[in-house]
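To keep things clear, I will list the structure first and then write my remarks on it.
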Amino acid sequence: MKEAHHKADEKTYKFGMVIDLDKCTGCGACMVACMAENNLPFRKDNSDRLRSNLWMRVYKISNGRSFPDLDISFIPRPCQHCEGHGHHAATPCVSVCPATATDYSHETGIVSQVYTRCFGCRYCMAACPYHVRVFNWWDPTWPKGMSKYLNPDVSVRMRGVVEKCSFCYHRYQRAKNKAYAEERRELHEDEYQTACTQACPAGAITFGDLKNPEHKVYKLKKSPYAFRLLEKLGTNPKIYYVSTRDWVRKAGDVYLGKEGKDVTHA
Amino acid sequence: MDSASAPFDSALFPEGVKRCKFKWFLFWVAVLHGPIMVGVIGTLMCWGLALNVTYLNNNYPFGLWIAADLGIIALGGGAFFTGFLRYVVNIEELKNIVNYAVVIGVICYAAAQGILGIDIGQPLRGWFIFWHANVHSMLTEVAFCITCYFMVLCIEYLPLILENRQINKLGFFHGLAHHLHGAMPTIAAVGVFLSFFHQGSLGGVPGVLYGRPFAFREGFLVWPWTFFLAILSAIACGPCFTILVTWFTEKCAGKQLVKKNVIDILAKISGRLLVLYLILKILDTIVWVGLAKGVGAPFSSFYANQPYGYWVLITEIGILGIIPAMLLLSERVRRNEAGLIIACLLNCAGIFMNRWIIVVQTCAQPVMSFDKFVSYHPNWVEYATTLVFVWVGAVVIMLSYRYLPIFPQEKELNPL
Amino acid sequence: MKLDRRTFIELIVGFSAGAGGGFMATPVNWKLMDDMTIWSQELWPRYQLGGLKGSLPQQGKVTHADSVCNLCPGGCGITVRKVGDRATKIEGREGYPVNDGGICPLGAAGLQLLYGPWRIPSPLKRIGKRGSGNFEKISWDEAINEVVQKLGNLRQKGQSHTVACILGSDEGTVPRLFDRFLTAYGSPNFIRTASAEDTYELALGLMQGTTGSVGYDLERANFILSFGSGLIEGWGSPVRVIQAHSTWRSGDLKDRATVVQIEPRLSNTAAKADNWHPINPGTEAALALGLAHVIIKESLYNADFIGKHTFGFEDWSDSSGKTYMGFKRLVRTEYTPEAVAKITGLPAKKILTLARAFAKAKRPLAVWGRGKGTVSGSLYECMTVHALNALTGNINKPGGVSARPQVATRSWPEVERDATALSGSRRPRIDGAGSNRYPLTRYLPDRWSQVMNGGKAGAIQALLVHGADPYFTTLDSAAVAKAFDAIPFVVSFSTCLDETAYHADLILPNHHYLERWEDLPTPVGLQKPILGMLRPVVSPQFDTRHAGDVLMTIAKSMGGSVASAFPWDDYETLLKETMGDKWGSLEAAGYIVNEGYKPSAWSKAFGTPSGKFEFYITAFDQAGVKIGKDVGYLPHYEPVQPEGNPATYPLILIPTELMRLADGAVGNPPFCTKTLEETELKKNDLFVEVNPKTAADYGLSEGHHAMLETAKGKAKVLVHLFEGIMPGVIGIPKGLGHAAYDDYLAGKGVNANSLIGVVEDPVTGLSAAWGVRAKLTRV
Amino acid sequence: MSTTEEKEQAVAENEQAKGGDEQAAEVAPVKPGTWRFLIPIAAFALGFMSHFSLGWVILPPILYAEKQQPIDFSHKLHVDEVGDCEGCHYFREDGSFSGIPELENCAECHEEAMGEDPEEAKLITEYIEPGKEIPWLIYARQPQCVFFSHAAHVKMGEMDCAICHGPIGDSDHVRPYQYNRLTKYSRDIWGWNIAGLSKNGWDYLKQADNSGEIKIEHAARMKMDDCAECHMEKRGTHDACFVCHK
């Protein structure tokens with residue numbers, strides 16, 4: 001699936017995140033910032049998480065122990081922008097989309113989703129073990145006047161299509177636009193940051209080019225406390241997490257059912 | 001034919017057979033339209049109000065519809081496999097049932113496509129799967145092959161229609177039917193080729209999901225092992241479904257339509273293939289246990305959440321696999337009507353259960369340790385829209401049986 | 001030729017084939033297919049988007065406008081991204097001294113409040129029954145006339161003192177305008193809604209003799225002992241505290257700060273803390289004293305500070321020779337770890353360890369104020385915690401606690417009061433604050449309704465509410481509702497249809513916070529004085545007016561000395577004048593921060609009668625507070641009994657405050673409600689947290705419906721089994737249960753305030769209630 | 001006689017033989033004739049021609065509706081006056097492109113009437129004085145799923161405006177705005193050729209303006225395939241979805 005999407009002379013990036021779970025307070029600012037930035041719809045009753053439309057979802061996880069030994073941690077989970085490697089050369093969702101509505105950009109390492117191409121078969125959702133993909137079960141609507149705050153840089157989705165976190169790709173487009181206007185091609189680290197990164201009051205999210213030694217993420221991901229979700233599956237995700245708590249790191253792996261009774265959804 | 005008591009549409013009947021009064025025919029068609037309308041309402045709700053009218057959700061992007069789709073296609077596998085046996089392997093006796101197998105196939109494939117038309121969120125853009133096809137996707141392979149094979153089935157069904165007593169009087173159609181018959185081995189061979197691919201691809205749909213240890217399988221070239229298992233399971237149960245529907249038709253018609261030896265051939269082949277399938281399936285399961293363990297998912301974890309306990313595995317492979325296989329292998333059971341039907345029923349239920357497992361249980365299995373297991377059961381909209389094809393299928397069968405010469409042996413078995 | 005069947009069929013088939021072929025040979029079929037696809041892409045935006053001109057979010061020139069957020073007392077700097085004249089996103093303002101780029105979920109969702117359907121489009125007058133939500137639009141002139149007439153009449157009848165104002169703050173020009181209005185008009189009844197500030201201000205006043213609010217130097221502390229404060233859940237200035245939390249979590253593991261949370265429930269703060277000590281709810285003061293015991297016994301306290309700058313630590317005798325017990329003796333005798341263990345439920349060993357760790361830490365800091373600090377709390381409890389800071393010499397030091405002043409602004413000319421104003425202002429306050437009973441307290445926001453219901457139903461004839469939602473946020477909702485019913489004239493200045501506005505007679509909608517100028521004094525808990533400036537980021541979306549302007553118009557229309565108290569043309573003029581020479585930098589930068597501010601040195605820090613930090617509160621006698629017993633002059637543990645009979649109500653209900661759920665004067669915007677966990681809200685029912693052991697006792701399982709009952713009311717709730725809450729304790733989230741606003745918020749859950757009553761603090765009269773007795777039955 | 005005809009005759013005879021059959025009466029005997037084969041052919045031809053013309057001639061104009069621009073604007077005049085395009089169509093500081101100028105730009109010169117033109121009077125009385133933005137109809141507006149960077153194309157790609165927009169700067173009048181009734185998008189996107197064909201990707205539409213003069217006014221197509229084609233040509237890649245989509 002590795003198509004030459006980029007020209008050899010074009011600067012390429014591998015954007016990713018390092019999320020410090022010791023700092024994350026589960027406040028939810030990332031979720032709201034994401035919703036506001038990306039024109040996510042909302043409904044009168046959003047209490048059903050199984051149908052709720054969240055690109056960034058903060059999981060509240062617990063170590064499953066009893067009072068007073070219970071411990072809780074938060075795991076913000078944007079799209080993992082899996083690269084795949086080795087035996088699984090392609091992103092799980094990209095390879096299965098029948099209509100090429102999602103692809104992996106080798107320029108940025110971002111997994112895209114084109115809503116006008118997607119026809120809603122939801123195969124990609126079945127393929128994603130992180131549940132980052134959400135379906136528009138309803139026609140999105142805004143109460144009167146509310147659509148005024150919609151961001152013109154992100155398309156509003158229609159019913160019946162799958163959507164997910166795009167690493168605020170439009171901000172990359174914006175940054176490049178600015179760079180081009182200034183007749184340069186390379187972006188500085190701070191020129192392109194996602195909405196959640198920017199909003200996080202704890203500064204728990206760091207975003208940047210994972211292969212650029214100048215970028216903060218490059219060093220952070222090498223922390224001995226860093227891990228990735230479902231590392232063993234070989235999805236090669238671009239979100240790294242850092243936690244000094246052992247059980248949290250353990251919870252990041254495939255660790256299912258009864259065997260994983262220590263870790264539950266709190 | 002006694003013209004005084006013959007139904008008024010008797011001129012359209014195949015030659016030399018008896019059919020019920022038109023009013024009774026009309027009555028049953030009307031009765032079937034009840035549930036059809038419920039299904040139509042469900043469909044319109046899905047299209048008009050969007051898919052929130054179902055119980056599908058982000059954890060279960062695939063539910064009854066996709067499971068049923070896979071199941072229906074497998075059952076419809078009887079069509080291509082009987083065709084294969086008749087025209088390629090040249091088992092002459094099967095000419096007496098191949099027509100009906102085609103009718104059942106047409107219904108199944110139409111059903112599968114119809115269900116997909118409801119299942120996808122943007123039906124108006126469904127054609128993107130062809131226009132913007134991603135060749136790496138199993139679903140693309142499925143879509144292309146199913147569509148092509150459906151056309152093949154229609155071409156196979158066409159001569160049957162043309163053989164209607166009145167249509168056949170028209171020279172052109174008569175000739176067309178004749179030539180189509182002549183070309184049938186070729187068409188059947190094409191159909192077999194296409195079917196192998198899409199049956200396999202449907203098995204591959206969950207098999208390639210390497211993010212889902214429950215579904216993922218290694219395989220041969222680009223195809224996961226489930227690709228081959230799906231083909232095998234489809235040809236092992238398709239004929240049984242043909243037998244079942246034939247038997248049911250006979251019960252409704254109140255007469256024998258196909259000779260026992262024909263049925264027996266199908267049942268015997270089905271049984272042997274089922275044994276082969278089960279051996280491979282068990283091997284696959286053993287290999288899979290190791291594969292899943294390798295990525296950190298212990299076997300027990302897959303059966304930790306009810307309703308998906310170990311019973312699922314035991315039922316699928318044991319009760320709905322080994323038992324029908326044993327029954328079908330025994331000549332004594334096959335000769336016994338009840339035995340044969342029970343075996344066929346178990347076999348078909350097995351295929352449905354297998355497809356439900358590879359589709360729905362795959363979605364049900366939490367992969368992240370902190371994912372919450374949630375259960376899913378379809379709602380009436382899903383059931384009604386899925387079942388609508390059973391009722392439409394029944395109408396199609398009634399029409400076909402009444403006006404088309406589906407059963408060559410009917411006249412011989414039921415002399416007027 | 002006869003049209004026989006064959007010909008007919010040939011014609012049909014031939015024509016159809018030709019038609020099909022002919023049409024297929026035109027581009028229109030694929031063109032239509034393509035068009036239909038685009039139509040399916042745009043189907044939604046065109047038909048559902050309504051409010052936007054055209055079908056798409058319009059492109060336009062992108063600009064950024066800086067302002068300040070006032071949705072909570074946090075006062076963060078914000079940057080609003082605008083496209084054309086539309087505000088499209090609120091982001092934290094980089095470099096702002098409070099939040100430096102960070103933002104909380106509520107702040108990020110602010111545009112939903114700006115453009116939401118809950119905005120009040122114009123002045124509204126109630127036409128139906130109060131609480132029926134029936135209003136009619138009226139003009140500003142009519143609306144203002146109505147107020148002028150009603151207030152004029154009252155004043156004429158000599159009932160000016162029956163007018164009250166309830167505001168969310170008493171600092172800044174707008175609250176001061178309201179205060180000034182009351183002064184000129186002739187009423188003492190300016191009421192500020194409840195918060196932990198009420199008590200902490202008093203504690204600081206008594207122990208340190210200072211005015212001003214508490215400031216914590218959280219960033220530089222390295223051992224944080226929190227007595228139930230939801231540090232990362234909206235306590236203080238939320239973003240700032242979360243950023244401080246991140247500071248504690250940065251650097252090498254061994255260098256990181258230690259956070260200890262004392263709380264009966266595993267809140268997020270407790271979960272993120274290094275140590276969580278669940279103790280019996282309401283026993284925090286005892287624990288603080290137990291810790292003090294160990295610190296004193298093992299001489300781990302700051303001898304320099306205690307020795308030179310405190311009063312009442314050791315036993316002392318007055319001029320008459322009478323000996324008084326000092327803090328040391330009290331603590332040594334009464335609060336041994338064993339005794340405290342019995343009260344709190346925390347093993348003595350843990351008390352010892354904790355006390356040593358706290359006292360030996362380089363820069364320890366004890367913080368107080370339950371949850372988000374939205375309730376007043378017990379004075380003695382506050383004092384015990386503050387005493388811990390004193391023991392470690394942690395006053396006015398880096399990483400310590402101090403009484404922080406405001407940025408100075410120009411004062412206004414003295415109000416020249418006429419006779420009515422003078423006599424009215426001298427009348428006792430409705431809530432009893434400043435009376436002989438509660439001489440220290442300035443406002444008793446939870447008490448006025450109790451007073452009215454207790455036989456003084458006519459005490460308030462007119463109520464003006466601004467920047468607060470007392471109908472929703474005051475404890476004991478039923479009592480508040482009853483009191484409201486007795487007030488003939490309620491005026492709300494709210495921008496949104498909150499509970500108070502919903503029950504008002506007249507709504508005079510203020511501009512939204514992104515549409516107006518207003519100064520915002522130092523955010524709660526900050527250690528340095530900051531002055532932020534709200535500025536109009538977008539033009540007013542509706543027919544609204546600045547509350548300051550409206551109030552001045554009302555005053556001017558009343559004529560006489562009331563009018564002459566407001567010599568400014570309009571609010572903007574007043575604001576500029578008040579800011580004086582600071583206006584220039586405020587207008588340019590949007591804020592002023594006194595970076596160099598340092599709290600006074602110990603020698604000059606205390607304005608108490610003794611000139612020292614007082615463990616023994618001499619100010620009590622001066623103010624005429626009746627204390628009764630000797631121990632009452634010292635920080636000590638005085639149990640605040642939760643309301644309810646233990647036999648009827650065997651469990652204890654405590655309110656829990658969530659970062660993602662606004663429970664103050666601002667209703668939760670839809671985005672924030674969307675982030676609530678599945679175990680917090682399900683459809684319209686909220687979950688209460690119950691320990692599985694407790695639940696088992698009552699036959700309850702996860703997701704069961706149950707009836708939660710207290711002496712104040714009952715509500716149907718869902719049960720969430722939570723191992724993080726103490727057995728016998730139930731947690732209920734605050735912020736739900738709105739009846740006003742709209743379908744995105746109204747009708748969801750129950751208001752925790754409706755289940756919890758007021759328990760008056762014996763000294764301050766503020767509500768010291770931390771919970772209530774309850775029972776839970778399965779339904 | 002061909003085999004088919006033999007069979008037809010046989011069928012016909014067969015029908016005749018069964019005179020008792022109620023339906024047989026309706027079936028008239030068919031006599032073979034040399035003209036007989038023309039029937040289906042004629043029917044086919046008729047069907048073909050009617051639908052062929054329906055698709056090519058009748059439907060296309062029905063698919064589109066036309067609107068006039070609010071003001072008849074002369075690019076030529078303005079280019080002469082202002083000197084270049086950048087005076088009105090410029091890059092903003094953030095790299096975004098201003099596109100169609102806002103009223104503010106117009107008002108810079110037209111606060112007071114500069115000439116006698118009734119269109120200018122309209123500009124002043126209907127828009128500048130009440131401060132109402134001019135509701136220009138944008139020929140090149142892309143669907144909302146599209147991200148287009150003028151900077152990338154003009155600054156980095158050094159493309160001439162006319163490649164996409166045609167030599168619009170030379171025009172004296174604005175042409176009518178046609179839009180698809182179904183999609184509401186400008187006809188320029190699909191292209192004026194109903195088949196969506198374009199010569200070398202960028203053929204220009206020839207259209208008569210109000211003066212009756214034939215002028216080249218606009219580029220033909222701006223569909224995704226056109227973008228992809230050029231990207232392929234210039235960059236050697238179709239690029240990832242998230243280059244032009246948002």
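Naming convention: chains lettered A, B, ... in sequence-line order (proteins, then strands); numbering from 1 in each chain. Atoms considered below: every heavy atom in the structure, side chains included; atoms not considered: hydrogens, waters and symmetry mates.
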- Message: Within this structure, what is the CD-NZ distance for the pair D/Glu104 and C/Lys61, rounded to the nearest 0.5 Å?
- Response: 6.5 Å
- Query: Can you check whether D/Ser96 reaches C/Val62 side chain to side chain, under 4.5 Å on heavy atoms?
  - Reply: no
- Message: If you count heavy atoms of other groups shown closer than 6.0 angstrom to CD of D/Glu66, is the number above 12?
- Response: yes
- Thinking salt bridges, do C/Asp34 and D/Lys223 make one under a 4.0 Å N-O criterion? yes
- Query: For D/Arg92 and C/Gly60, which heavy atoms make the closest approach, and how far apart are they?
  - Reply: NH1-O, 3.6 Å
- Message: If you define the side chain from C-beta out and look only at heavy atoms, does anything of D/Leu182 sit under 4.5 Å from C/Lys31?
- Response: no
- Indicate the atoms forming the closest heavy-atom contact of D/Gly55 with C/Val28, along with that distance. O-CG2, 2.6 Å
- Region of D/Leu46 in contact with chain C, defined by heavy-atom distances below 4.5 Å: both
- Task: Would you check, one step at a time, whether the test side chain to side chain contact (heavy atoms under 4.5 Å, CB included) holds for D/Leu63 with C/Leu32?
- Result: CA-CA 9 Å; D/Leu63 260 174; C/Leu32 279 175; 3.9 Å; yes
- Message: With a 4.5 Å cut-off on side-chain heavy atoms, are D/Phe52 and C/Met24 touching?
- Response: no
- Contacting moiety of D/Ile41, where chain C heavy atoms sit under 4.5 Å: neither
- Flag, side chain of D/Trp56 to backbone of C/Ala25, donor-acceptor distance under 3.5 Å: yes
- Among C/Ser16, C/Gly84, C/Ala17, single out the residue with the greatest number of heavy-atom pairs under 4.5 Å to chain D. C/Ala17
- C/Phe23 vs D/Leu59 side-chain heavy atoms within contact, under 4.5 Å: yes
- Do the side chains of C/Thr26 and D/Leu54 get nearer than 4.5 Å, heavy atoms only? no
- Would one find more than 12 heavy atoms of other residues, nucleotides or ligands at under 6.0 Å from atom CG of C/Asp85? no
- Does the side chain of C/Phe15 reach to within under 4.5 Å of the side chain of D/Ser50, using non-hydrogen atoms? yes
- Distance from C/Gln59 atom CD to D/Gln144 atom CD, nearest 0.5 Å? 10.0 Å
- Item | Contact summary for C/Asp35 and D/Thr183, nearest pair of heavy atoms | O-CG2, 3.2 Å
